Chemist: 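Provided herewith is a single structure, encoded as structure tokens, for subsequent inquiry.
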Amino acid sequence: LKWSLLYMSVASLIELLNPYLIKNMIEWISKDDYDWQEGFGYAAGLGVVTGLKIYLFRRGGFLIGQNQVNSQAIVNHVVMNKVIKMSSSALGIVELGSITSLLSGDGMQLLVFNFYINTLIMVPFLVVCITAILVYEFGFICLVTPFVFMILIFVQYKGSQWCMKYVFG
């Protein structure tokens, strides 16, 4: 799990270099005197950044998938061991299929958590990085958008609570 987080985080950080390189390339094109080595450097930088980003995203996705498969095998093993170790009196009350179904439902929740934990950890990190880049490029006026977004999220949360209270009693 830690390696997939590392790969995805580094890929996301590398992706943040693209706007900077594109901005510098546009500035280079708008110059009157061309220095071909500088332009070649920006173009090569864009290619390297894109290649690294693709590799790291694919590698991180592969590790997430591999972690899912390993977790599923572990969950299946635990479910079958629990079902096999049940006493005969418990097996007389509850059927074997319903026990397996209940335990596999819990196992699926674990697998879904395993997949989404990467996103839950990476998104705040990316929001901070993107906000820092925007403040660096455009100034502190960019901090208005996150504050408005937080206020709207709070209003949406309170509105949904109000609706749930009055709709479902």
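Please read all numbers here as calculations on a predicted model, not as lab measurements.
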Chemist: In terms of hydrophobic clustering (I, L, V, M, F, W, Y; side-chain heavy atoms under 4.5 Å; direct or indirect links), are I151 and F140 co-clustered?
Modeler: no
Chemist: When rounded to the nearest 0.5 angstrom, what is the spacing between CZ in R59 and CG in L52?
Modeler: 14.5 Å
Chemist: When hydrophobic residues are tied together by side-chain contacts of less than 4.5 Å, even through go-betweens, does V49 share a cluster with Y55?
Modeler: yes
Chemist: Taking a hydrophobic cluster as the set of Ile, Leu, Val, Met, Phe, Trp and Tyr residues connected by side-chain heavy atoms closer than 4.5 Å, whether directly or through intermediates, do L56 and I54 fall within one such cluster?
Modeler: no
Chemist: For Q156, is the CD atom crowded, meaning more than 12 foreign heavy atoms sit under 6.0 Å from it?
Modeler: no
